[in-house]
Amino acid sequence: MDVRDQLRSGLRGALVAAGVDPVPAELGLERPANPEHGDWSSNVALATAKAAGRNPRELGQQLVEHLRADPPPHVSSVDLAGPGFVNFHLHDSWLHEVLRDIVDQGTAGFAVSSRGAGSSVNLEYVSANPTGPLHAGHARWAAYGDSLARLFTRCGYAVQREFYVNDRGVQTQLFGASLAARAAGEEPPEDGYHGEYVSEWAKEMPAEADPVAWGLERAHADQVEVMRSMNVEFDHWASEKRLVASGAMESVLAALRRTGHAFDADGATWLRTTEFGDDKDRVLVKSDGEPTYFLPDIAYHHEKYERGDLVVDILGADHHGYVTRMSAAMQALGHPAGSYEVLIGQNVTLVRDGQEVRLSRRAGNIVLARDLVELAGGDVARLTFLLQSIDTTQTIDLDVLVAESSENPVYYVQYANARVHSLARRAGEQGRARRPLVDVDLSLLTHPREVALARSLSELPDVVERAMEHRAPHQVTMWARECAAALHGFWHDCPILRDDIDEPLRQARMWLVEATRIGLGVGLGLLGVSAPESM
RNA sequence: GCGCUCGUAGCUCAGCUGGAUAGAGCAUCUGACUACGGAUCAGAAGGUCGGGGGUUCGAAUCCCUCCGAGCGCGCCA
């Protein structure tokens, strides 16, 4: 039972004693931003006073008195503050206990949550057409999707990362035709692909190759390579061609007909998406007998349920109009309303020479994911994307990215990690080994820098759960920066190997550093950024 | 016109789904242990949270309404 549970339990008892009925199932307990407000703070008095017809401060005072009479472990003082907050100040002993837990759990066990145990999630992201290189926007989804997958995994979900390859249809034909035209020294079709890469790839293409098939392979290989340089991998590559060949479209259409959600009108076949909140019904099969792109997509999403209880799409803002109809289709097929989730990410805007660079595939000035990686390196490129929420458009100034890449936050965090490892190296050189933790007195860790670092580490488990629930990997980035800052501050003020440091304190500090190694390792791992031992 | 997302320091962004005095990084200014790794640390300055109403003990956060930005509204993919 960790501190929070003990505090909650104490609060619950106090509420009962104060005659509050009913006692809420979830008791609000948070870490105040302002240290003067204690280590933990609860707003239960404020939250329950209204319903109980009580005065918040009066009720709060009763809670405080009850808790003072019988304080939970580690609690040094309980106070009433502000409009009715109950603030707990704890002895540093609770942090010392946390450090022991971190060391016991190690990188594999620390900040692991069982929130998703027994559930599975299928995450689809990027899914760019196999008709060219990935651009900077794709790279954002790659970094985001992969880190989100890592968060789900750490929270106990069985995760499948998936990329849907649209290796069939009009665009692939156009791409193949464009390659063939370039190979023959001609201009691509007007609605074909005009990027420079088409000409370059056409030179590589063997004369006897089928331009469509070869082009798909070439583009796919290019995309895989770039994502790998950003440490992004997939478990499953879903082929549209194979899906369609399997007859999945027909069986899904039959199922929709059987349940009455699909109907014929004006010579076409429609899905009654309005039944599930769409503003108009959508065509599945056109009057010329050809399916729209919507139908194979429905079949694909339906199939994904074989690989996850929760099916998640990560899409760019330009696809948000698509969400309602797909959600409607999934419900029409009998999937529970909440089981299909779409995460919409805003666009990436790139600035070069103070000018916005348009991400147009037709124009030649498109900035590729590959450019970013070559400019700044995989770690910097990746962390740059994970620096902010996907809810806001991201502006990346390429000149700043290059000029200040050495000031990128990724180095700040990696440097902290390198320092942690350098300590172990130097300690080894000096023959100063850590003694077993049971023999070490962590209560010597009372310096504000030591306490701040331990406190930062203690927050990671909450950060992981919250980041997963909010689908917000950037919160891990925020934490990693704070933890690195705490380490740097500690490093600056608290020498370890210096001769004038007493051995017991040295031992305690070495174990604090070991716990930091574990915490930073977990954080960097979730971000998919390397954790170098030296820089 | 309708819908979705957004508007927070000079710039780039956080803000734990309603909490206490709105926080970081960069840029600017001033400093630091005669460097267990200075890719570090400390301090200063910087705000009408786009404007205006409302809900309540309490609003950057929820509701309404304006203003502004991006994206979407095909029997295209």
Side-chain angles (χ1 to χ4, degrees), chain A residues 28 30-34 36-37 41 43 46-47 49-50 55-57 81-85 87 129 166 169-172 174 191 265-270 279-280 282-294 296-297 316-324 344-347 349 351 384 387-397 400 404 406-416 418-419 422-423 425-427 429-430 432 449 459 462-463 465-467 469-470 472 474-475 477-478 481-482 484-485 487-499 501 506 509 534-535:
Chain A
E30 60 179 28
R31 305 191 186 214
N34 185 340
E36 288 173 21
H37 297 147
S41 176
N43 65 351
L46 291 157
K50 179 182 52 182
N55 175 302
R57 274 198 67 97
F85 291 101
N87 294 341
N129 278 338
N166 297 101
V170 182
Q171 295 305 318
T172 62
L174 275 172
D191 51 355
D266 305 329
T269 304
W270 300 68
D279 47 15
K280 63 178 103 166
R282 307 290 169 173
V283 173
L284 297 170
V285 183
K286 296 186 273 185
S287 50
D288 65 3
E290 286 297 309
T292 62
Y293 75 98
F294 188 33
D297 253 22
D318 53 341
H319 287 96
H320 75 252
Y322 173 82
V323 176
T324 309
I344 297 293
Q346 299 301 306
N347 294 331
T349 302
V351 174
T384 297
L387 227 34
Q388 67 181 268
S389 156
I390 61 159
D391 289 339
T392 54
T393 57
Q394 180 166 32
T395 304
I396 298 177
D397 189 321
V400 172
E404 295 181 357
S406 70
E407 291 166 26
N408 189 284
V410 73
Y411 293 118
Y412 186 78
V413 180
Q414 287 180 329
Y415 183 49
R419 281 183 145 176
S422 92
L423 177 83
R425 272 198 305 276
R426 300 198 52 117
E429 287 163 17
Q430 299 178 12
R432 287 173 153 146
R449 298 292 206 174
E459 285 167 4
D462 286 352
V463 169
E465 283 196 346
R466 204 167 64 220
E469 279 168 7
H470 292 9
H474 74 278
Q475 292 179 353
T477 312
M478 298 295 157
R481 292 171 72 169
E482 283 164 17
L487 183 279
H488 288 311
F490 161 75
W491 199 266
H492 189 264
D493 288 354
C494 301
I496 301 170
L497 298 178
R498 234 166 53 187
D499 289 336
I501 300 300
R506 174 170 18 253
R509 285 180 172 171
S534 65
M535 295 179 67

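Quick note on labels: first sequence line is chain A, next is B, and so on, each numbered from 1.
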* Structure fact -> Sorted by chain and residue number, the side-chain contact (heavy atoms from CB on, under 4.5 Å) partners of A:Ser422 (sequence neighbours excluded) come out as A:Arg425, A:Trp491

Integer angstrom distance from the [atom1] of [N] to that of [M]:
| N | M | atom1 | result |
| --- | --- | --- | --- |
| B:U12 | B:G50 | P | 15 Å |
| B:U55 | B:C64 | P | 15 Å |
| B:G72 | B:A77 | C1' | 15 Å |
| B:A59 | B:G18 | C1' | 7 Å |
| B:G19 | B:U34 | C1' | 49 Å |
| B:G3 | B:U8 | P | 24 Å |
| B:G15 | B:A9 | P | 15 Å |
| B:G51 | B:C67 | C1' | 7 Å |

Only counting residues at least two apart or in another chain, list the ones meeting side chain to side chain donor-acceptor pair (under 3.5 Å) with [X].
| X | answer |
| --- | --- |
| A:Gln430 | A:Arg432 |
| A:Asn87 | A:Ser41 |
| A:Arg31 | A:Ser458 |
| A:Gln394 | A:Arg140 |

Where do N or O atoms of nucleotides 33-39 of chain B meet protein N or O atoms at under 3.5 Å, pair by pair?
from, atom 1, to, atom 2, distance (Å)
B:C36, O3', A:Arg426, NH1, 3.4
B:C36, O2', A:Arg426, NE, 2.8
B:C36, O2, A:Leu497, N, 3.1
B:C36, N3, A:Ile496, N, 3.3
B:C36, N4, A:Trp491, O, 3.0
B:C36, N4, A:Cys494, O, 3.1
B:G37, OP2, A:Arg426, NH1, 2.7
B:G37, O2', A:Tyr415, OH, 2.6
B:G37, O2', A:Arg419, NE, 3.1
B:G37, O2', A:Arg419, NH2, 3.2
B:G37, N7, A:Ser422, OG, 3.2
B:G38, OP2, A:Arg419, NH2, 2.3

* Under 3.5 Å for both distances, Watson-Crick or G-U wobble, that's the pair rule; now give the dot-bracket for RNA chain B, with | marking pairs to another strand and [ ] for crossing ones. => (((((((..((((.....[...)))).(((((.......))))).....(((((..]....))))))))))))....

* Structure fact -> Nearest heavy-atom approach of A:Asp266 to A:Ser287 is O-CB, 4.0 Å

Could you go through nucleotides 16-21 of chain B and list every protein N or O atom that sits under 3.5 Å from one of its N or O atoms, giving the distance for each pair?
from, atom 1, to, atom 2, distance (Å)
B:C16, O2', A:Arg466, NE, 3.3
B:C16, O2, A:Arg466, NH1, 2.9
B:G19, N7, A:Asn43, ND2, 3.3
B:A20, N6, A:Ser41, OG, 2.5
B:A20, N6, A:Asn87, OD1, 3.0
B:A20, N1, A:Asn87, OD1, 3.4
B:A20, N1, A:Asn87, ND2, 3.1

Length of the line joining [X]:[atom1] and [N]:[atom2], which is rounded to integer Å:
| X | N | atom1 | atom2 | result |
| --- | --- | --- | --- | --- |
| A:Gln346 | B:U5 | CD | P | 9 Å |
| A:Asp397 | B:C13 | CG | P | 11 Å |
| A:Leu387 | B:G15 | CG | C1' | 15 Å |
| A:Asp297 | B:C76 | CG | C1' | 13 Å |
| A:Gln388 | B:U8 | CD | P | 12 Å |
| A:Arg481 | B:C41 | CZ | C1' | 17 Å |
| A:Gln394 | B:C13 | CD | C1' | 10 Å |

Please report the interatomic distance [atom1]([X]) to [atom2]([Y]), rounded to the nearest 0.5 Å.
| X | Y | atom1 | atom2 | answer |
| --- | --- | --- | --- | --- |
| A:Met535 | A:Tyr415 | CE | OH | 8.5 Å |
| A:His474 | A:Thr392 | NE2 | OG1 | 8.0 Å |
| A:Arg419 | A:Arg426 | CZ | CZ | 12.5 Å |
| A:Ile396 | A:Thr384 | CD1 | OG1 | 6.0 Å |
| A:Glu290 | A:Asp288 | CD | CG | 5.5 Å |

* Going by a 90° cut-off around 0, is B:U34 syn or anti? -> anti

Qualifying residues under salt bridge (charged side-chain N to carboxylate O under 4.0 Å, His left out), relative to [X], sequence neighbours excluded:
| X | answer |
| --- | --- |
| A:Asp318 | none |
| A:Arg506 | A:Glu503 |
| A:Glu482 | none |

* Which residue lies more 5' along RNA chain B, comparing A:Ile390 with A:Gly489 via nearest heavy atoms ->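 This one resolves to A:Ile390.
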
* Kindly say if A:Thr392 contacts the phosphate of B:A14, meaning a side-chain N or O under 4.0 Å from OP1 or OP2. => yes

Output a table of nitrogen or oxygen pairs between the protein and nucleotides 72-75 of chain B separated by less than 3.5 Å.
from, atom 1, to, atom 2, distance (Å)
B:G74, O5', A:Lys280, NZ, 3.4
B:C75, O2, A:Ser287, N, 2.8
B:C75, O2, A:Ser287, OG, 2.9
B:C75, N3, A:Ser287, OG, 3.3
B:C75, N4, A:Asp266, O, 3.0

* Determine, stepwise, if the pair A:Arg449 / A:His492 fulfils side-chain hydrogen bond (donor to acceptor under 3.5 Å, both in side chains). => CA-CA 9 Å; A:Arg449 298 292 206 174; A:His492 189 264; 5.1 Å; no

* How would you label the contact of A:Gln414 with the nucleic acid (heavy atoms, under 4.0 Å): base, sugar-phosphate, or nothing? -> nothing

